[in-house]
> 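Next up is a structure, given as structure tokens.
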Number of protein chains: 2
Amino acid sequence: MPYSSFASMPCTLSRPAALLGERWTLLLLRQIFLGTRRFEDFQATMDISRSVLTDRLNVLLQENVLKRVPYHEDGRTRHEYRLTEKGRDLYPVLMALRTWGERWMAPEEEESFQLHHRDCGGGVRAKVECTECAAELTARDVQVTARA
Amino acid sequence: MPYSSFASMPCTLSRPAALLGERWTLLLLRQIFLGTRRFEDFQATMDISRSVLTDRLNVLLQENVLKRVPYHEDGRTRHEYRLTEKGRDLYPVLMALRTWGERWMAPEEEESFQLHHRDCGGGVRAKVECTECAAELTARDVQVTARA
DNA sequence: TCCCTTGCGTTCGTTTTTCGAACTCAGCTA
DNA sequence: TAGCTGAGTTCGAAAAACGAACGCAAGGGA
């Protein structure tokens, strides 16, 4: 079972994990959520090799996480990479990573950017909750059952 | 800037993203949250090569996400891999992946396991909320500012 | 005691990925 | 026509992953 076969497992956790678990993919998504949209800018800010960048962008296009959108600059038509709705919906994944990073990987130093709720200025955090009673859940509060 | 240098970037999103963005690491964590604890069981259920499994387990031990715990079986002392508090706190990351997978990568088929809140039987989902007003947030509701 | 089994890795030669520098190409611009 | 720029593509070298075989310590049984 090669790594790639997880992409077709009947598990709604395995497939996203296999997709985002490829090298560079999470870092690429971070950059996109921070506003980067062009090939050259990804390449410059992340210092990823151009061939791997091409590959990762293509995978995300194929998965419909990103879309290519034409735009004009200096009278020329070019394309930029933007999140689809499916892509934007990955926000909780990135925020969960950051919430964890804030708690467990921030020794003294501060974060390189800050996030605030536009409406009230509050902070941002990811959490897991019950769809019925809205209680916040940890792994211990959740029962796992194999599907029938 | 090699991939590994993201592990020391002053960004609380980059570092977790680089750590969990290595191949197999997210899938390994999924398996751990599902209850797998021993080398042989990881190897058998994921079909990962033994050398890479050794490496990934060691990285997670070093990062203090996992710990080795001795246990007895057949009168012999062995060790198993278990989550630390830091590791357990990754639960929202995995649940965010799953919530996304349920919405965007579950065509007709069902998930391979189900999750329920032990207390009330409700479903489980990840979300992002404001630490002040508790509103649920999307990327559009959040303002990013570079640190001073 | 000697041999077998088990769990947990380690080694090593082969195949994939990644790297990085150079190259290509299309569409302006001078 | 020549040059520039953004967006890739190509290709040889280096790193990572693969997988089959090997190592090893701790029992158990003969």
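Here is how names work: the chains are called A, B, and so on, in the same order as the sequence lines, proteins then strands, and each is numbered from 1.
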> For F42(A), which contact category applies under a 4.0 Å heavy-atom criterion: base, sugar-phosphate, or nothing?
nothing
> Given atom NE2 of H79(A) and atom P of dG8(D), what is their separation to the nearest angstrom?
9 Å
> What is the distance, to the nearest angstrom, from the CG atom on L57(B) to the P atom on dT10(C)?
11 Å
> Take atom NE2 of H72(B) and atom P of dG7(C), then tell me their distance rounded to the nearest Å.
16 Å
> Output the single nucleotide from dG20(C), dA17(D), dG9(C) whose closest atom is nearest the side chain of E22(B).
dA17(D)
> Please pick, from dC19(C), dA26(D), dA17(D), the nucleotide with the shortest atom-to-atom distance to any side-chain atom of W24(A).
dC19(C)
> Among the candidates dA7(D), dG27(D), dG8(D), find the nucleotide nearest to the side-chain atoms of R38(A).
dA7(D)
> In terms of the nearest nucleotide of DNA chain C, which residue is placed more toward the 5' end: E80(B) or R56(A)?
E80(B)
> Which part of the nucleic acid, if any, lies within contact of S51(A), taking any heavy atom under 4.0 Å across all strands shown: a base, the sugar-phosphate backbone alone, or nothing?
base
> If you check every side-chain atom of E40(A), which of dC8(C), dA17(D), dA7(D) has the closest atom?
dA7(D)
> Using atom CZ of R78(B) as one end and atom P of dT5(C) as the other, report the distance to the nearest whole Å.
15 Å
> Just how far, in rounded Å, is P of dT18(C) from CZ of F6(B)?
15 Å
